[in-house]
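Below: one structure, written as structure tokens.
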Amino acid sequence: MKKQLLSSVLALLSLTGLAQKPEDAVKYASVITAEGLKQKLTILAGPEMEGRETATAGERKAAAFIEEHFRKIGLKPGNGDSYRQPFTVYQDMLSEKKLMVNGKNYQWDQDYSFPMFMVSSGNWKHNSVVYVGNGTKDSANNVNDFAGIDVKGKLVLIADVAANGKSLNTPSMSKMTLLRGMGAAGLLMVSSDFPRKTPSQLKGRMSIKAPAATAGSNDNGFITGMISPEVASALVGRTFTMSFAEWKELPKGTYVSETQVAAKKTTEALESSNVIGVLPGTDKKDEYLFITGHYDHLGKIGDVIWYGADDDGSGTVSVMQMAEAFAAAAAKRKGPRRSIAFMAVSGEEKGLLGSEYYSDHAIYPMDKTTANLNIDMVGRVDTERKTADTLNYVYVIGHDKLSSELPIINEGVNNLYTQLVLDYKFDDPKDKNRIYFRSDHYNFARKGVPILFFYDGMLQADYHKPTDTVDKINFPLMEKRVKMIFHTGWEMANRENMLKRDTPLNMGSR
């Protein structure tokens with residue numbers, strides 16, 4: 001197999017006239033060093049960037065850092081006369097909240113919280129609460145906690161006591177759906193998770209689509225909240241806090257109490273941007289290769305920063321370092337033939353927002369984009385990988401999709417220059433992690449652009465934790481991976497023809 005691939009790539013290289021000068025690719029790949037990667041990542045994943053959450057001051061600092069690098073090495077602005085492609089993100093904010101029982105005000109996160117994805121705006125007043133135990137309705141097992149109880153227009157209280165004697169600590173979508181269908185006015189669930197150890201979110205998911213009108217009246221609002229045992233006990237007339245064992249014994253039915261619940265959810269329009277620098281090509285400058293990595297991460301809560309060194313500081317500085325290598329080659333009239341767009345993408349952690357915006361508002365034609373090389377987490381060793389090659393591998397996603405030429409080029413240059421183990425396990429359509437759909441390459445692929453996604457496989461250890469820090473990065477391994485991606489990009493940017501689009505996508509839909 002390796003001999004066949006090597007012969008194939010040499011044949012492809014000969015078409016471009018580069019096969020006789022592999023020393024050019026090696027020379028400019030040497031610009032990519034462990035020290036250069038570390039220097040940039042120490043800044044990008046440092047405390048000043050505050051975790052780079054989308055549409056925050058920390059992310060704007062990161063964008064400015066990337067833009068300055070693109071300008072310094074001589075890349076052209078990627079969006080007219082600007083290095084930024086701005087876009088608006090919309091986010092729901094819980095600006096007001098209130099819970100009062102029998103004249104006593106209770107405190108957010110000490111006694112109650114409203115899940116952002118379930119709460120509506122409104123002001124609800126009730127003179128009673130209907131307690132329905134676990135709130136189970138299961139005809140197959142002959143269980144009906146609602147037997148003889150009318151919940152229409154009423155506030156419903158559920159103590160979903162688990163086998164360990166504690167209450168479930170997350171809201172139940174199935175119970176909420178059931179109660180909505182029965183015409184209930186709202187749902188309060190008893191939770192043992194008070195006071196909260198981690199602050200409840202006051203912000204909803206971000207979207208690049210302008211929201212429809214927010215529900216703001218009692219006619220169509222449905223309140224869902226989690227409450228402490230103290231609040232729940234007050235709702236059923238107790239002056240002491242009931243244990244969860246006592247909740248199991250409490251009779252179902254209506255209990256008199258005065259309850260006032262209020263919430264106000266507003267939508268804010270925030271600004272973010274992709275950062276794009278372009279290295280113009282020579283004789284094929286109207287065709288494009290995109291090299292991408294997302295520079296946003298999860299931000300900070302209080303004084304705790306989610307640094308995002310691997311996710312995806314590693315990919316972002318890889319893009320920056322490869323841009324430097326290609327620019328150095330261009331300065332010596334060594335290509336590239338095609339234009340290369342280096343794009344640091346925003347909003348990936350919020351649902352691939354920046355790449356979705358780019359793909360729907362493409363600056364350069366998608367049908368003239370030969371491929372997208374996307375880099376998201378290439379700095380670590382997968383803690384679940386137990387094979388002997390843990391210091392010499394990278395996961396490659398997309399190799400057998402959209403273009404039959406992807407593995408020929410990628411495997412060929414890897415055999416010639418870097419000899420990494422290319423692992424394709426995440427290309428399996430049955431991959432339970434659905435990695436193919438979880439980074440920015442997907443929005444190029446859905447437009448038909450062949451993609452390769454390079455990834456270290458880190459889904460455990462420090463993934464999406466504040467401990468994803470620069471000191472955990474294996475920079476020698478990262479350098480080797482980035483050089484392999486550089487060589488892949490070099491061939492794609494300099495070969496005679498754009499990549500064929502001749503292979504169906506076998507992964508289903510997102």
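Not measured: the values here are computed from a predicted model.
Atom CD of E258 sits in a sparse spot, with 12 or fewer heavy atoms from other residues, nucleotides or ligands closer than 6.0 Å. Within a 6.0 Å sphere centred on NZ of K97, heavy atoms belonging to other residues, nucleotides or ligands number more than 12. Within a 6.0 Å radius of NZ in K76, other residues, nucleotides and ligands contribute 12 heavy atoms or fewer.
The shortest non-hydrogen separation linking S128 to L155 is O-CB, 4.3 Å. In this structure, I301 and W306 approach most closely via the heavy-atom pair N-CZ3, 3.8 Å. Taking both residues in full, the closest heavy atoms of V156 and V129 are given as C-CG2, 4.3 Å, listed atom of the first, atom of the second, then distance. Considering every non-hydrogen atom in both T259 and L235, the closest pair reads OG1-CD2, 3.2 Å. In this structure, R52 and D311 approach most closely via the heavy-atom pair NH2-O, 3.9 Å. Among all heavy-atom pairs drawn from P195 and Q110, the shortest one is CB-OE1, 3.5 Å.
A donor and an acceptor atom, one from each side chain of K98 and N105, are nowhere located under 3.5 Å apart. Side-chain contact, T292 with D440: no donor N or O sits under 3.5 Å from an acceptor N or O. S272 and S346 form a side-chain donor-acceptor contact under 3.5 Å, judged by distance and modelled atom types alone. Using a 3.5 Å distance cut-off with no hydrogens or angles, the side chains of D471 and T469 do pair a donor with an acceptor. With 3.5 Å as the limit, one finds a donor-acceptor pair spanning the side chains of E271 and T88. For the residue pair T56/E50, the side-chain donor-acceptor check at 3.5 Å is not satisfied.
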Run the numbers on M320 and F65 for side chain to side chain contact (heavy atoms under 4.5 Å, CB included), then give the verdict. CA-CA 10 Å; M320 295 169 72; F65 171 65; 3.7 Å; yes
Give the intermediate values and the outcome of side chain to side chain contact (heavy atoms under 4.5 Å, CB included) for residues F114 and I223. CA-CA 8 Å; F114 304 142; I223 189 68; 4.3 Å; yes
Side chain to side chain donor-acceptor pair (under 3.5 Å) assessment of N102 paired with S257: CA-CA 6 Å; N102 297 328; S257 58; 4.9 Å; no
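The salt bridge (Lys or Arg N to Asp or Glu O under 4.0 Å) pairs that include a residue from residues 227-245 are K104-E230, where partners are two or more places apart or lie in different chains.
Looking at heavy atoms from C-beta onward, Q91 lies out of side-chain contact with T267 at the 4.5 angstrom threshold.
Under the side-chain contact (heavy atoms from CB on, under 4.5 Å) test applied with I397, the options F437, Y424, F426, F454 reduce to a single match, F426.
With sequence neighbours excluded, the residues satisfying side-chain contact (heavy atoms from CB on, under 4.5 Å) with L459 are N433, I435, R438, Y455, Y463. Residues passing the side-chain contact (heavy atoms from CB on, under 4.5 Å) test with D367, sequence neighbours excluded: P365.
A salt bridge does not link D310 to K472: none of the charged side-chain nitrogens sits closer than 4.0 Å to a carboxylate oxygen. Looking at R196 and D193, a side-chain N of the basic residue comes within less than 4.0 Å of a carboxylate O on the acidic one, giving a salt bridge. One finds no salt bridge joining E356 and K350 here, because no Lys/Arg side-chain nitrogen approaches an Asp/Glu carboxylate oxygen to under 4.0 Å. Using a 4.0 Å cut-off between a side-chain N of Lys or Arg and a carboxylate O of Asp or Glu, D360 and R446 qualify as a salt bridge.
If you take CZ on F342 and CD1 on I276, they are separated by 12.5 Å, rounding to the nearest 0.5 Å. Here the CD atom belonging to E348 is positioned 10.0 Å from the NE2 atom belonging to H297, to the nearest 0.5 angstrom. If you take CD1 on I291 and OG on S318, they are separated by 10.5 Å, rounding to the nearest 0.5 Å. Note: I66 CD1 to K40 NZ = 12.0 Å, rounded to the nearest 0.5 Å.
Aromatic ring pairs are classed by plane angle as parallel below 30°, tilted from 30° to 60° and perpendicular above 60°; the pair Y364 and F290 is tilted. The aromatic rings of Y83 and F70 sit tilted, their planes meeting at an angle between 30° and 60°.
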